[in-house]
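Letters A, B, ... are given to chains in the order of the sequence lines, protein chains preceding strands, and every chain is numbered from 1.
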Amino acid sequence: MLQEWVILLVSLCYLGTLFAIAYYADWKSDRGESVISNPYIYTLSIAVYCTAWTFYGSVGRAAETGAGFLPIYLGPTLMAALWWFLLRKIIRIAKVYRITSIADFLASRYGKSSLIGGLVTIIAVVGIMPYISLQLKAVSTSYYVMVHYPDFEMIQGHRVSSLWNDNAFSVAMIMAAFSILFGTRHIDATERHEGMVAAIAFESMVKLLAFSAAGIFITFIMFDGPVDLFDWASRYQETAKLMKLDVLPGGYTNWFTLTFLSMMAIMFLPRQFQVLVVENVNEEHVRKAAWLFPLYLLAINIFVLPIAFAGMLLFPEGHVAPDIFVLAMPLTEGQNILALFIYIGGLSAATGMVIVATIALSTMVCNDLVMPILLRGLSIQQVDLSRVLLFIRRCSIVFVLLLGYLYYRFIGESYTLVTMGLVSFAAAAQFSPAILFGIFWKDASRRAAISGLLAGFLVWLYTLLLPSFARSGWLPISFLEHGPFGIELLKPYQLFGLTMFDPITHSVFWSMLVNTGLLVGVSLLDRQSTMDRIQASLFVDVYRHSGDTHLWKGKAMITELKNLLARFIGPRQTDRAFATYANTHKIDFTKDMQADAELVEFAERLLSGAIGAASARVMVSSVVEGEVISPEGIMKIIDETSQVLEYSHQLEEKSLELEAATKELQEANKRLKELDRLKDEFVSTVSHELRTPLTSVRAFSEILHDNEDMEKEERHKYLDIMVKETERLTRLINEVLDLAKIESGRADWFMENIDLTEVIREAVASTSQLFREKAITIVELLPTFPINVFADRDRIMQVVINLLSNAAKFSPSEEGTVTVRIYFKKREIRVEVADNGPGIHPEEQKKIFEKFKQITDLRNGKPKGTGLGLTICRRIIEYHNGSIWAESKPGKGSKFVFSLPE
Amino acid sequence: MSPVRRKIQRLLVLFAFGVLALNYPLLALFSKAVMGFGIPLLYLYLFAVWAVFIILIAFVAERKKMPRAPYPFTNSRKTD
């Protein structure tokens, strides 16, 4: 047997070690080096989930229900599969909006409502009470076992009347002192506790090693390995029945409920939220923690069943409570040092939980319960609030531990460890609908969250907490057996006559039903306020906003902001934060007096880190003048979806426009290339065309020059040819010039009202010589009345003459007939010149309007014109907004038609 | 499908598999007074599923982003 002072000394040394570790980590972090910034420390800190419940209670539960202790660890394992996207989103939200606790998270999500924050805090404090008392019970029992073993009468009957003799009370007070030292040394703007996390991680290692040491000793040294143990156990009916699930009270339903509860607990117990979310350094650590943490759970549970069976085989009389098997067996074997190590393991499991839970709860009580009341009710103008904050937090730590102690003192005796813990789990589960709906569903509203939380909490209170008072004799037991005032329908364990479930499942079913039902139902009926909508959007779309939205519109003086912050987080911290801000944003605070929206928001977030979102909003509003929230900011957040739609619509239009432009450009390019080609062709054709008459003029002049004695008649003939060729040359040059003028737009147009009939008659008259020469009949089908068009008379005349002379050229002599007529079609005036010549091949009908594309006369192969006439005609008609085309079939004559708009 | 969405879907399926494997009725199939390798079948099953589940989470979560398909390689070198 160990001396009491040895146990005490070792306990205190262990706690001292913890403190040294925490101090070292804090000291490092002040120097900018983080010892906890890696996924392994993160995983170990999450293992604060394994408390004295795991360390002592699991064996106890295994001895009663076989595998029934496992759902508590299978649930978190299942949940870990979802961490990668669920937890990461929560962490991102918490980081961006500087969330300090689960109450702060919910208050922020639902419109920065201090009502929600307060409600969540109350639920958390009341709900966690049994859990803390569980730790106190475990520590005090294990201490008694260590001191008094094997005097079981002392252990069983260690009820003490005086408070000061009560070991559990001392434990509670030591733990309170410890938590105060850990968590509330100073007010930190980031609200992260590096030292605490380092100490917790160390504790997680100790408890795993201690439990494994116990497991190895019991399984392999006291017995010959697990196979031997299970073989022994299977021979006795008492132990063999534990190898099936039939022993589970509540059966598979209970199994499922426990799985569900632990799934929620691993995320939403205030202390789990603290280590998972608030203390997280880097959201990428979640990736490794998602499988390392389940591995830790597997490791710490692998020896539970062997230990339970060993205990049942060793103490079949039942005088040793299964909850202390793990300590009792080494002590029976006289392994005092090992027992001491195991006791330290249990102590570390309990202290870890208590430290984190009380720090988390004290932050919540301070930020979400006391501060809002203080800020509203009292005048606290010129007080250094950072001291007040620390004071409130220290008080709340003591308060929370006292509550836990009272619960233990008055109720805890009649329960096993696990049953007490499950009551807390059921309370923590009440947060899950509000959080899970809150981060994925924008329409979840503030009123809905309040009603859901409140109703769920009340049902939990009625169906789990009050019955525990009744069973301990603080309420009449008839309350349990016959319902309040004898109303059977309201029996807390069989509400409304629901008798098929065990108490835990029963409570979870009803509370989750009303909680989720009200949250969803009221949200669907409710209208959210602007603030609600903003916060909902910011949370649900956190990856899109990431805190860069500037809501504040009003201006504030920088000095006022600084004073405000200094009052809460101290002047030194404030100065440092503002200096960093000035550095990164290149602002000179000595020059700028006014804080812009970004700085105000920065200050608010800094303040949220110290006093929670709801209170920070109130405080910052007090120094900001003008409109609190800019309408643009609101629209930006709420209308993000429509904005995105609009944006994508614009993009679509742009891309369509671009596509069209590309197409146009391609066509233009094609046309340009074609024009370039045509120009080259034109130049070469023109030179060619010019050379032909020039050559003949030159040839004839040379003949005349060389033969001076030429006969007069012959000379005359040659001169005649020369004159004709020069005329042709002149005509060609004129036409080229004309065309160039028209095409370049430099031509002069004399637009006037003209009589088309008269123009055509004149054209026919001036070309009649041509027709007479070839004896071609010309038929005029012209109206007797004038037809007025707005056109350039000479140009139109030019077109008609050109068409007529073409017709004359191609009509056969003697039997040729050329018809010219005017008619109306499709709101146009059309002029048609038809001949009965050889006709034009369909392929050529379009080409003839191009430059120098003349129809080679099939009969003599010699072109009969300059090849520019029709091109000029087309240009002229196009200038008048008309069109010109040819209709023809080879051998059946051809028609040239041009139209002018009416 | 983007790598992130693929990962989320894999994790969701894994979660569903875990919930099914560790609950009634599948669990009831193993609640028998039978030993496997000298260990009660129920315990063997529970711990085996647990271990496999952890390995699968590790496999999915630690998987790096899918390598992007390389751009189609065009041999533009002249072969003269």
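Two residues are said to be in side-chain contact when any heavy atoms from C-beta on lie closer than 4.5 Å; A:L82 and B:L12 meet this criterion. A heavy-atom distance below 4.5 Å is not found between the side chains of B:L56 and A:W291. In this structure, A:L70 and B:F47 have side chains that are in contact, with non-hydrogen atoms separated by less than 4.5 Å.
Looking at A:F293, neither its backbone nor its side chain comes within 4.5 Å of chain B, counting heavy atoms on both sides. Residue B:F30: no heavy atom, backbone or side chain, is found under 4.5 Å from chain A. For A:A240, no part lies under 4.5 angstrom from a heavy atom of chain B. Proximity to chain B is limited to the side chain of A:S234, based on heavy atoms less than 4.5 angstrom apart. With a 4.5 angstrom heavy-atom cutoff, A:F309 touches chain B only via side-chain atoms. Of the atoms belonging to B:L46, it is side-chain heavy atoms, and not backbone ones, that fall under 4.5 Å from chain A. Both the backbone and the side chain of A:L242 come within contact range of chain B, judged by heavy atoms closer than 4.5 Å. Neither the backbone nor the side chain of A:D228 comes within contact range of chain B; no heavy atoms are under 4.5 Å apart. For a residue to count as touching a neighbouring chain, one of its non-hydrogen atoms must lie under 4.5 Å from one of that chain's; by this rule A:F256 touches chain B with backbone and side chain alike. With a threshold of 4.5 angstrom between heavy atoms, A:L229 does not approach chain B through any atom at all.
Counting heavy-atom pairs closer than 4.5 Å to chain B, the top residue among A:L295, A:D231, A:V286 is A:L295. Chain A forms more heavy-atom pairs under 4.5 Å with one residue of B:S31, B:A51, B:G18 than with any other, namely B:S31. Ranked by heavy-atom pairs under 4.5 Å with chain A, the first of B:W50, B:F37, B:Y24 is B:W50. Between chain A and the residues B:L41, B:I39, B:L27, the most heavy-atom pairs under 4.5 angstrom are made by B:L27.
Here B:E62 pairs with A:K288 in a salt bridge; the nearest charged N to carboxylate O distance falls below 4.0 Å.
Heavy-atom neighbours of A:W232 CH2 from other residues, nucleotides or ligands within 6.0 Å: at or below the threshold of 12. Counting non-hydrogen atoms of neighbouring residues, nucleotides and ligands closer than 6.0 angstrom, the CD atom of A:E238 reaches no more than 12 such neighbours.
For the pair A:M243 and B:Y43, the tightest heavy-atom approach, listed with the atom from each and the gap, is CA-OH, 3.5 Å. Smallest separation of non-hydrogen atoms from A:L78 and B:F15: O-CD1, 3.3 Å.
Note that CD of B:Q9 and CZ of A:F85 are 10.0 Å apart. Values are rounded to the nearest 0.5 Å. The distance from the NZ atom of B:K7 to the CH2 atom of A:W84 is 4.5 Å, given to the nearest 0.5 Å.
Between the side chain of A:W255 and the backbone N or O of B:L22, at least one donor-acceptor pair lies under 3.5 Å.
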